[in-house]
Every structure is written in C-alpha cells, then in structure tokens.
A.B. asks: 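This is the structure I want to talk about, given as structure tokens.
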Amino acid sequence: MTTDGSTRTLPRLDESLLLHMPPFSRLKREQIRQILDLAVSRRYPEGVAVFEEGGEADRFFILLDGYIRVIRITETGEQIIALHIPPGQLFGIAKALGRTTYPATAITASESLALSWPMQLWDSFPAYDGFATETYKTVGTRMGEMNNRIVEMATQQVEQRVASALLRLVNQTGRKVEDGIEVDFPITRQDLSELTATTLHTVSRLLSAWEKDGLVKSRRKRIVVCDPHALVLISHHAPKA
DNA sequence: ACATTAAGCGATA
DNA sequence: TATCGCTTAATGT
C-alpha cells in the first residue's frame with residue numbers, strides 16, 4: 001500500500017507471473033494486466049500466518065512460490081494439519097465456500113510469494129474465462145482429499161496413514177533429487193504426526209524403520225522417498241485384526 | 001497396536 | 001549456550 005492509497009507495489013508486476021497459473025492461463029495479456037493491477041504482491045518468511053482461522057476473510061490469494069500449510073486447532077488445543085497448498089493454487093477463497101471468515105489458518109511452510117485481491121472482487125472474477133471452473137476444480141479436489149483422509153483416519157492404521165501422507169506429499173510437492181523424490185519444503189516429524197493424527201515418536205520410529213529398509217532417507221526437516229512403490233504397498237496393507 | 005514418559009544426543013541459531 | 005529436531009527404550013492403555 002502506497003501513501004496515495006493505491007495498492008500497486010513498487011515495480012509493476014510482470015504478466016508472466018500469472019501466465020502459467022491454471023486459474024488465469026486462458027486469459028489474454030490484456031486481461032492479466034487488469035488483474036495484476038488490482039493485486040497486491042507480498043513475500044512471506046517461513047512459518048508466518050497469512051491469515052487465521054475465524055478472521056474476517058477480506059482478501060483471497062494465489063500462491064506464486066513456496067508452500068502453505070492449512071491448519072486447524074482442536075478443542076484441546078492441538079494442531080491438525082489439513083493439507084498443503086503448492087504454487088499455482090488459489091487459497092483463502094472463503095467466499096467459494098459461502099463464508100465471510102476464513103475456515104482455517106494458513107501458515108507458510110517455506111518462504112512464500114503470493115498475490116492477493118480484496119474479497120469484494122471475488123464475484124467479478126468469474127467473468128474471466130476459466131477462473132470459475134478452475135476454482136470449482138480446486139475446491140472439489142480439496143474436499144475430496146479431506147474426505148479421503150477422514151476415511152483413512154477411521155479405517156487405516158498408523159503405518160498406512162503415514163505412508164499415504166508421505167506419498168501425497170511427494171506426489172503433490174515432490175522434487176526430484178539424487179536418490180528419490182524429496183518433500184519440497186521443511187517438514188518435521190511433528191508436522192507429519194499432525195497430518196496423520198499420531199505422535200512424533202511413532203513417526204520417528206516409522207521413518208527410522210523405513211530408512212533401515214532403504215525406503216526413505218531423512219535428515220532434520222527433510223524427507224526423501226527412495227522407493228515410492230514400497231510405500232504404496234504399505235499404504236494398501238489391510239489392517240490386521 | 002498404539003500412546004506416553006523420559007532421557008539423551010547432535011544440529012542449529 | 002539454549003533451543004530444536006530427533007531417536008530410543010521403557011512403560012502404560
């Protein structure tokens with residue numbers, strides 16, 4: 001925000017920023033220009049809240065770079081990680097859920113860059129070709145994913161849940177490295193346990209066991225999956241009575 | 001099949 | 001040096 005009240009940030013945002021983002025990829029340069037001129041660009045250090053659960057949903061966002069962790073707090077004060085958002089996705093789109101407040105807290109899992117717009121503009125954006133269908137797709141995918149996790153929590157055992165969670169992480173946010181696929185942002189045992197409703201100790205023991213068998217490689221805050229197929233087998237293993 | 005408690009170690013800031 | 005991330009063993013449910 002500048003002193004004259006305009007919302008444009010220092011250098012004019014480059015159009016290539018949005019050119020390949022799914023919600024805007026079908027737009028002409030001129031339309032992208034319009035949208036960018038309405039946007040605020042902001043960099044967030046690792047571990048800060050972009051917005052908080054219950055807060056007034058006054059802006060919506062698209063993640064250009066980095067990763068966002070969507071978390072909720074239970075009655076007893078424990079954190080639950082709902083999902084992670086990769087670059088190119090919209091988030092904080094409360095109005096798409098018919099809400100005026102944010103339903104969860106968004107924390108940066110790594111240093112991130114995001115554009116945001118005032119929520120008042122939400123109803124005008126579907127005029128842009130592809131935006132509406134893309135947001136429906138995003139909302140649908142996320143609901144499906146959370147739905148799957150509910151079934152998972154209820155039916156699968158811890159080892160399978162952690163295996164599934166790890167697979168989702170590398171599928172959605174994985175980066176190719178020397179000896180496998182690495183989760184592309186810093187992630188602790190605690191984080192993984194909050195994703196799978198278990199304890200960091202159990203996660204630590206599982207990762208140690210998997211590492212001994214060559215399925216994964218991990219150091220502090222970093223996890224590499226070396227043998228995805230073996231993890232798939234574990235995740236599909238039927239619960240034993 | 002898990003969680004919890006406790007102790008200790010190396011990495012990181 | 002203090003804190004954090006992590007591991008492991010022992011014990012509890």
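Just so we're on the same page: letters track the sequence lines, and every chain starts at 1. It should be emphasised that the depicted structure is a prediction, and the values quoted were computed from it without experimental measurement.
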A.B. asks: A:Q190 CD to B:dA3 P: how many Å, rounded?
C.D. replies: 12 Å
A.B. asks: Using atom CG of A:L200 as one end and atom P of C:dG5 as the other, report the distance to the nearest whole Å.
C.D. replies: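 About 10 Å, once rounded to whole Å.
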A.B. asks: Rounded to whole angstroms, how far apart are CZ on A:R161 and C1' on B:dA3?
C.D. replies: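 Interatomic distance, CZ of A:R161 to C1' of B:dA3: 12 Å.
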A.B. asks: Of the non-hydrogen atoms in A:F131 and A:P126, which two are nearest, and what is the gap between them?
C.D. replies: CD2-N, 4.0 Å
A.B. asks: Taking CZ from A:R205 and P from C:dT11, how many angstroms apart are they, rounded to a whole number?
C.D. replies: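 Computing the A:R205:CZ to C:dT11:P distance gives 14 Å.
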A.B. asks: Using a heavy-atom cut-off of 4.0 Å across all strands, would you classify A:T188 as base, sugar-phosphate, or nothing?
C.D. replies: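 Answer is sugar-phosphate: A:T188 comes under 4.0 Å of backbone atoms only.
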A.B. asks: Please confirm whether the ring centroid of A:W117 lies under 6.0 Å from the ring centroid of A:F61.
C.D. replies: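 A:W117 vs A:F61: aromatic centres not under 6.0 Å.
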A.B. asks: Can you tell me the distance, in whole Å, between the NE2 atom of A:H201 and the C1' atom of B:dG8?
C.D. replies: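 Rounding to the nearest Å, NE2 of A:H201 and C1' of B:dG8 are 13 Å apart.
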A.B. asks: Is A:T202 near enough to B:dA3 that one of its side-chain N or O atoms lies under 4.0 angstrom from OP1 or OP2?
C.D. replies: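 Yes, because at least one side-chain N or O of A:T202 sits under 4.0 Å from OP1 or OP2 of B:dA3.
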A.B. asks: Looking at A:S164 and A:Q156, what are the two nearest heavy atoms and their distance?
C.D. replies: OG-NE2, 3.9 Å
A.B. asks: Could you tell me the separation between the CD atom of A:E46 and the P atom of C:dC4, rounded to a whole number of Å?
C.D. replies: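 Between P of C:dC4 and CD of A:E46: 14 Å.
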A.B. asks: Which part of the nucleic acid, if any, lies within reach of A:S208 when heavy atoms closer than 4.0 Å are counted: base, sugar-phosphate only, or nothing?
C.D. replies: sugar-phosphate
A.B. asks: Given atom CD of A:E194 and atom P of C:dG5, what is their separation to the nearest angstrom?
C.D. replies: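 So the two atoms are 11 Å apart, to the nearest Å.
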A.B. asks: Measure the distance from CG on A:L206 to C1' on B:dA3 and round it to the nearest whole Å.
C.D. replies: 13 Å
A.B. asks: Output the single nucleotide from B:dC2, C:dG5, B:dT4 whose closest atom is nearest the side chain of A:R220.
C.D. replies: C:dG5
A.B. asks: Would you say the base of C:dT7 and the side-chain of A:R219 have a donor-acceptor pair closer than 3.5 Å?
C.D. replies: no
A.B. asks: Among A:D14, A:L18, A:L13, find the one that has a side chain to side chain contact (heavy atoms under 4.5 Å, CB included) with A:I32.
C.D. replies: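 The single option meeting the side chain to side chain contact (heavy atoms under 4.5 Å, CB included) with A:I32 is A:L18.
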A.B. asks: According to the interplanar angle, ranging from 0 to 90°, do the rings of A:F60 and A:W122 count as parallel (below 30°), tilted (30 to 60°) or perpendicular (above 60°)?
C.D. replies: perpendicular
A.B. asks: Among C:dT7, B:dA1, B:dA3, which is the nearest nucleotide to the side chain of A:R189?
C.D. replies: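 Taking heavy atoms from C-beta onward, the closest nucleotide is C:dT7.
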A.B. asks: Let's see if you can work this out: which of C:dG5, C:dT7, B:dC2 has an atom nearest to the side-chain heavy atoms of A:K221?
C.D. replies: C:dG5
